[in-house]
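Following: one structure in structure tokens, then a few remarks.
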Amino acid sequence: MLIKTLFAGAGGQGVLSMGYCLAYAAMQEDLHVTYMPAYGAEVRGGTANCTVVVSDEDIASPIASSPDNIVILNNPSLVRFTNFGRPGGSYLINSSLVNGKLKRSDVTSLYMPASELAEKSGSLRNANMMLLGAFIAMSGVVTMDTMQAAIADIFAKKNKKVIDINQQAVQSGYDWAAAELGKGRAAKKKTAKKPAPKARAAAGR
Amino acid sequence: MLIKTLFAGAGGQGVLSMGYCLAYAAMQEDLHVTYMPAYGAEVRGGTANCTVVVSDEDIASPIASSPDNIVILNNPSLVRFTNFGRPGGSYLINSSLVNGKLKRSDVTSLYMPASELAEKSGSLRNANMMLLGAFIAMSGVVTMDTMQAAIADIFAKKNKKVIDINQQAVQSGYDWAAAELGKGRAAKKKTAKKPAPKARAAAGR
Amino acid sequence: MVKVIIDKEWCKGCGLCVHVCPKGGLQTAKKLNEKGYFPAEKCKTVRCTGCGMCMLVCPDMAIQLVDDDEI
Amino acid sequence: MVKVIIDKEWCKGCGLCVHVCPKGGLQTAKKLNEKGYFPAEKCKTVRCTGCGMCMLVCPDMAIQLVDDDEI
Amino acid sequence: MAKATTSAKAAPAKKAPAPKAAAKKREFPAARPSTMKKAVMHYCPGCGHSVIHRLVAEVLQEKGLAEKTIGVPPAGCAVLAYFYFDVDMVEAAHGRACATATGIKRVLPNATVFSYQGDGDLAAIGTAELVHSANRGEKITVIFVNNAVYGMTGGQMAPTTMLGQKTTTSPFGRRAEFEGHPVRVCELLSGLDGVAYLERTKLNSPAGIKKTKKAIAKAFDIQEQGLGFSLVEILSACPTNWKMNPVQSWEWIENVMSKTFVPGVYKDVTARKDEEGGEDAD
Amino acid sequence: MAKATTSAKAAPAKKAPAPKAAAKKREFPAARPSTMKKAVMHYCPGCGHSVIHRLVAEVLQEKGLAEKTIGVPPAGCAVLAYFYFDVDMVEAAHGRACATATGIKRVLPNATVFSYQGDGDLAAIGTAELVHSANRGEKITVIFVNNAVYGMTGGQMAPTTMLGQKTTTSPFGRRAEFEGHPVRVCELLSGLDGVAYLERTKLNSPAGIKKTKKAIAKAFDIQEQGLGFSLVEILSACPTNWKMNPVQSWEWIENVMSKTFVPGVYKDVTARKDEEGGEDAD
Amino acid sequence: MTKSKDKPRKQLLRGTEAVGEAAIRAGCRFYAGYPITPQNELPEYMSRRMGELRAEHPEENPVFIQSESELSAINMLLGASVTGARCMTSSSSPGISLKQEGISFMAGMELPAVVVNIMRGGPGLGNIAPSQSDYYQATRGGGHGDYRTIVLAPATVQEMADLTYEAFDLADKYRNPVLVVGDGMMGQMMEPVIFREDQPMRLVAKLPPKPWALRGAKGRPSRFFRSLILPPHEMEEHNWRLYRKLQKIERKEPRAELVSVDDADFVVVAFGTAARIARSAVKRCRDKGLKVGLIRPITLWPYPSQVIRETADRGVQAFLSFEMNMGQMVDDVRLAVEGRAPVHFFGRPGGVVPTPVELAGVIRRIYNNPAKTM
Amino acid sequence: MTKSKDKPRKQLLRGTEAVGEAAIRAGCRFYAGYPITPQNELPEYMSRRMGELRAEHPEENPVFIQSESELSAINMLLGASVTGARCMTSSSSPGISLKQEGISFMAGMELPAVVVNIMRGGPGLGNIAPSQSDYYQATRGGGHGDYRTIVLAPATVQEMADLTYEAFDLADKYRNPVLVVGDGMMGQMMEPVIFREDQPMRLVAKLPPKPWALRGAKGRPSRFFRSLILPPHEMEEHNWRLYRKLQKIERKEPRAELVSVDDADFVVVAFGTAARIARSAVKRCRDKGLKVGLIRPITLWPYPSQVIRETADRGVQAFLSFEMNMGQMVDDVRLAVEGRAPVHFFGRPGGVVPTPVELAGVIRRIYNNPAKTM
Ligand SMILES: Cc1ncc(C[n+]2csc(CCOP(=O)(O)OP(=O)(O)O)c2C)c(N)n1
Ligand SMILES: Cc1ncc(C[n+]2csc(CCOP(=O)(O)OP(=O)(O)O)c2C)c(N)n1
Ligand code: SF4
Ligand code: SF4
Ligand code: SF4
Ligand code: SF4
Ligand code: SF4
Ligand code: SF4
Ligand SMILES: [Mg+2]
Ligand SMILES: [Mg+2]
């Protein structure tokens, strides 16, 4: 099992936190995990992305030339990473902030109006966590339990409210996606054979 | 043939010029020659010395751990270099500026009151050239003709008078020493077999 | 008459032109441009005097003044 | 009475003490020291006031004032 | 046909792209001087570098200097300046732009040579090169962009960071006791005899931009006249690392930075004595 | 028994060599403070370094600081200072003494830390370290020996070389046009906020020597009080490289050097405003 | 962040943070450095942690200085080190070049220090992508004079922590600068890290004393540190003394990890990030039945020559030095193998990180034709 | 001093003066440097000669700058070089360490320059006596990144002149920095020097044009020089391009002098001052009937590996690398020999110059027991 996920968006959209939470959760499941931010610090720009690799073995490289999963938070990222995901992989796309659709048919894609949903649910700033929840529903890289525990851990220094808000956002994203996927082939995924104990296959493969 | 000569005295006594003139003359005789100033520039001090190596072959090192000839211009140099000359070698000593005698018997030594002689002859500043003349008489490393030509060359940019003064000083030193050595074993030297064409043995060996 | 033209694809949405326009003649668009910025745009309702402040301050040279009469 | 003592082996013959003595009480010796310098020495003829200038300026701490009375 | 009115004066368009038949189609952005390449700059939204680039390029164009100019960008956010300036350029090592500019100018005394440096580059690692090229009176122009942080590397403390300012390496705010006071470059250099011109401006208003351009123009004049070293220090926004939006950044320049870094002409060998020094009315 | 009257005040002789029975036999030289080792110094006859060493050592002795002092000699003629000062010392790389002293003082805030630097070391290669440790207000004392040349390396031009002065690398005399004017360190630093004390003295007369000692004492006081960076610049003879005898060297300091490098207190945070700055009557 | 009392727990740390935290735990209380990508998070981390520590343990007097340059930083370290403080600086390639003079000084004066190089691509400004092109500089002493520094090359974030922690002990033990080298990947990547019980937070008061340190001459004769030794014979003696120390290090400290080397007839040699790729490629090859092994030098100096030589003596068909540069460590592999087997090189400079698949392809090609060096 | 019209005549020149005069003749019109013993006479010479030249040939615009530091000097050179000027800087070991960043930049930007290192003993301030302890730094690139500089190692003052003269052509030909390395002995010593007819004074106007130089964009599109290349693939491509250039240099430029190697069954390898001693020691040994030869690398990089390897193939019993350091070039000898014969090392660091007698003794000892490496 070796699952590579890229999160991409604009600076400030919380892309790096998404990756961090996923990596943290994977660590809690005693998986091998690497988290790698794209560091373009010598050139300024509004984009941010990071890659999380989860595996049950040593991980060679924390960067991915063709990730299994790609989570897209805004339009420039969609443009940039359209051809980046591996054939057969999956895309999760914040449809609120992209123009049009992914121009590929060899990957699974799920469009979530995350910004709108987040705004409606109270704060635009939760869009990333909702997407993260949806991503978990879609990919099953870690369990929701682990993720919820991870969030409690990560924000332990902040107040309880921050934890709650984030946990709720993740959950609502998960629920949204589970429902959405349920409409399609989510059921199929739920019964997919796990390639290794403690490891879950990437959704949509 | 390989003759190493060390000139030692105080800064400003013209020690480096002596070595330079000798080296220059040897060059004019198409000998292999190196001239090496002692560069103690990281430590200040009043002393100066240089080594001239003359040979009919490639010269390995321009410095000498036990020079054949040593020319001493002042007392600190005498103290410092008393044990430095190779056994069987020779010392030429400016007796005007040293206290007492060399405490060695395994070397030839010649004492020349060079400062006094120079002062008498007009200028204290000629002492070094007089010693150089004496050194040539004593060692025969180069001929007087070459040396006189070398001086003309070296001071060519200065006026005629400078050349004259220096040539006269060298000559008078040479004459003084020749006379002095004549009293002893100078005659012997004059007939000594030359070890190689164009090369002359060090006196006093 | 002098007129302001904003190239929304060169604009990075810094908002400085909006800030300096003495007439309040510029505003931030609601729609992202291709680069992902909300570009500046002219307010339909306000009359631009062609003072050129917006062009002067625009870091990305996305604004230009043109003489409308000559078009 | 205060008296000047010059250690000629520490002296480097810089001449500064000779220069500053307000009484002209010091001079340069004719004889080299072991290091090859002409050291400073007291003039036999001049009376030192013990002002200490020479000691103050001596770079090599070759000069000392001693209280003669106590010897 | 629309007539483009740029803030640059019409310049002898020697190097303008070959006149196209499509002149009728407006090309954007046309506010761009001919001394700039038509490239999107990598600077963040509202970054002062972008404006300063244009001002320098306009001055070079207006004075007809472009063809004999060699620019020296630094390591700093402006490291890619050669992608934007349409003049010969050579990248300097971090902090060494003044030395490199010296090397160029000494070989080509008639060339127009400028270095373009940030506050970290010029006032930290490049201090010795700055002070000594200023002192030697090298006939170069330094465009000094003071944004109170290390922009490129992610907002670390610079020598010019304000007291109390939090940066990634002064997380508790700069403290005079440990990190010292902000270094005022114009003041520091003003006593050096080789310096011919020093001015500090603030790039936070249309008026400030105009004033900055005037200062840059003056600095290049000084160089062309061979009078000595010239430097323009520009208080310039770094919204990204200040964690402000561009408008807030402008306000911060006004209310905070320019209190410590007082704008004004700090030296001008062409001025009468009484004109020089102190803060000038803006 | 003879009573030695040294120019140093009697100090608590804690570290004096064990009292010998031979106390009656006068030991020379006894004018030496206990903070100096009994070693012949390698300096040339008449060299200012020799005197400055003694003055610093006397001040350390008189103030009882020796046991908590760490000195930082430079690369320069004074590189061997650790052979003469009887305090802990660590050799710095050429020009970096201020950085090294900073490292020491930050770890040991209660230690007395001084650097001892020549004009090449401090005002050329060490410019950045000097300016920034001064600006940070490092609580160190810099003894700055300005002899207008690179002494150790054989008399090359220094940043402080006089206009017109011939050196081995300015064989035609220093020219303002190419080599710039002499760098005036006290003036340069005086505007930096971290600086607490700056004085320039001339070491060319008994009065100058006394004044220099006072300045050094004051600088160490400032350090002990934790007020900031202190530096004493001393105009000091290098007869060897000036190609003068020591007496002529003193005159040259008076007639030439001190005209450009005007002695005086350039900054003193303990002084009332009106006392500070400008040339003081000698 | 982590308190010394905490019992070992997993943390997700960035490479640079792991270095910083390990340094703090190892008793480092002096950091001086200058920003440069891709290691900025290290000074940033230190600025915060030293500040926190100053509040918690004012008596430890923790110091963070953002120096005016890399040169200044290394010379501040020299001062801090001579007082006995455990100290660290960090930078990336161009900045490390600027530190070479200072490193040479510290080696000459036998002053311990830890210097971290998060390498980037070069020469010149190069780029900030992962690269291993400072291998020569690190292992041969880019500075002047006869000296070496111990060079540690972690390949995981856990090792970034472990080796940094150890670096301080090694530096003190041998009184010599120790380099820790990583690259943009090692520095930026996050992985789980555990600080073990044998890696506790060490307070300054409990560190082994350094009787040689300078802190003022109270109660003892004054002494000094220098590297200037003018008389050649004394300088020679000093150099030989250093040499014997270096030889001791060469005997005692070489370290390498061996992966399925025992029965290998082809061995890849790689360190740091490259070794991660190599490990994976070797596994791929093994899966396909190729008897390939990996030697991963953990110390780049002293180089684990002996284990390589022994492996060569065991009859390995060929070696492949795999590096993210144009071929530098390959010298050391050749020097170890000394003609016993062909030594091949595969590398990609400039920040391109080859994939395990790519490397496995290279291995297969050579495996089938081991005698022919490229 | 010497006018270009003079017909060849012998001059007695100091090593540093020979370098200076050769540089002037080769068309060098830009010198920037900072004093440091034992090479001070070189900047001193340049300050005088550039001044004289400015009077004679104002149109050549000769420039001498005593920079504020070595760092500044190398970066001034970068500026001068980019304009197309032939330029030189010089220093000694610690100062050369400070130039490493700049040298890496110039190599990365493909800018020619001549850098002279009159080595002294190290590490640290060390001393000023003759030493060869910067071999690694010179040949491996003490700076960061994948690059090399051509390294020329003269062994006589005549060669100081000849190789410096040539260094400018090599630098321009390959657009790469060229190092000339000597030591205090080579720099301070005077020997007879002849500037040959094929080494005339070259006026700037007559030098080959450098179409790549920056002198303002008049009449052509503007262009720029940089070493920052952010995209890894571009950086890699750039690096490989440099690599191919370096390989070409490795093919074309290695140079060595062979002394009685033909029938030797024992070969000493030594360069610079050490080679002078070795030459004399070899002669002594030959006189005593020992079949000893000498290989003297003239280029330290590219290293004359092939001639050494060929010699080894011919069945030489053993090699001895003789160096005035603790053993650096011995790596290159080993890499060339690759196990074909034992490679011994003898060296003295710190400025002690062994005598031919001493070295001959060492040779004899090994000669009688060639297999046993020390
Ligand atoms: C020798 C060296 N040290 C450090 C760096 C990393 N670096 C690049 S730019 C920079 C500072 C940028 O700050 P500033 O000069 O203020 O320019 P800004 O980006 O703010 O415009 C630093 C430290 C480098 N490239 N080289
Ligand atoms: C990096 C480096 N560059 C150059 C030198 C050579 N050097 C030693 S001392 C010195 C300058 C001495 O001049 P100054 O600082 O004025 O001290 P002085 O000898 O005049 O007292 C120089 C250039 C060195 N040791 N290290
Ligand atoms: S030209 Fe003036 S009035 Fe018109 S939009 Fe721009 S700033 Fe506003
Ligand atoms: S100033 Fe320019 S970049 Fe900024 S919002 Fe206006 S048009 Fe866009
Ligand atoms: S104490 Fe005064 S009077 Fe006596 S010798 Fe010294 S300077 Fe002259
Ligand atoms: S001042 Fe001192 S060193 Fe100078 S001459 Fe007088 S006693 Fe001698
Ligand atoms: S980081 Fe700051 S200085 Fe750099 S481009 Fe962005 S706003 Fe400008
Ligand atoms: S060279 Fe000058 S500074 Fe150095 S010891 Fe001699 S007189 Fe003093
Ligand atoms: Mg900045
Ligand atoms: Mg000096």
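A note on names: the letters A, B, ... follow the listed sequences, proteins ahead of strands, and every chain is numbered from 1.
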- Query: Quick one: what part of H:S227 sits under 4.5 Å from any heavy atom of chain E, side chain, backbone, both or neither?
  - Reply: both

- Message: Taking side chain as everything from C-beta outward and backbone as N, CA, C, O, which of these in H:I74 sits under 4.5 Å from a heavy atom of chain E? Side chain, backbone, both or neither.
- Response: neither

- Interchain contact, E:K37 with chain H, by part (heavy-atom threshold 4.5 Å): side chain

- Message: Show the nearest heavy-atom pair for residues E:I104 and H:G79, with the distance to one decimal.
- Response: CG1-O, 3.4 Å

- Task: Could you tell me which of E:A97, E:A111, E:A101, E:A128 has the largest number of non-hydrogen atom pairs under 4.5 Å with chain H?
- Result: E:A128

- Item | Verdict with supporting geometry, H:E68 and E:E129, side chain to side chain contact (heavy atoms under 4.5 Å, CB included) | CA-CA 7 Å; H:E68 59 273 21; E:E129 288 75 9; 3.8 Å; yes

- Under 3.5 Å donor-acceptor, E:D88 side chain and H:S222 backbone: no

- Item | Nearest-0.5 Å distance that lies between atom CD in E:E138 and atom CD1 in H:I65 | 5.5 Å

- Residue among E:R106, E:R136, E:K68 with most heavy-atom pairs under 4.5 Å to chain H: E:R106

- With a 4.5 Å limit on heavy-atom distance, are the side chains of E:T100 and H:M76 in contact? no

- Message: Evaluate H:L228 against E:Y82 for side chain to side chain contact (heavy atoms under 4.5 Å, CB included), listing each step before the verdict.
- Response: CA-CA 11 Å; H:L228 180 81; E:Y82 37 71; 3.9 Å; yes

- Task: Would you mind checking which part of H:L214 comes under 4.5 Å of any heavy atom in chain E, side chain (CB onward), backbone (N, CA, C, O), both or neither?
- Result: both

- Note on the structure: Here the gap from H:L78 atom CG to E:E91 atom CD, rounded to the nearest 0.5 Å, amounts to 9.5 Å

- Task: Assess the pair H:F224 and E:F83: is the distance between their ring centroids shorter than 6.0 Å?
- Result: yes

- For H:M109 and E:V90, what are the C-alpha separation, side-chain angles and deciding distance, and is it a side chain to side chain contact (heavy atoms under 4.5 Å, CB included)? CA-CA 9 Å; H:M109 289 165 141; E:V90 56; 4.0 Å; yes

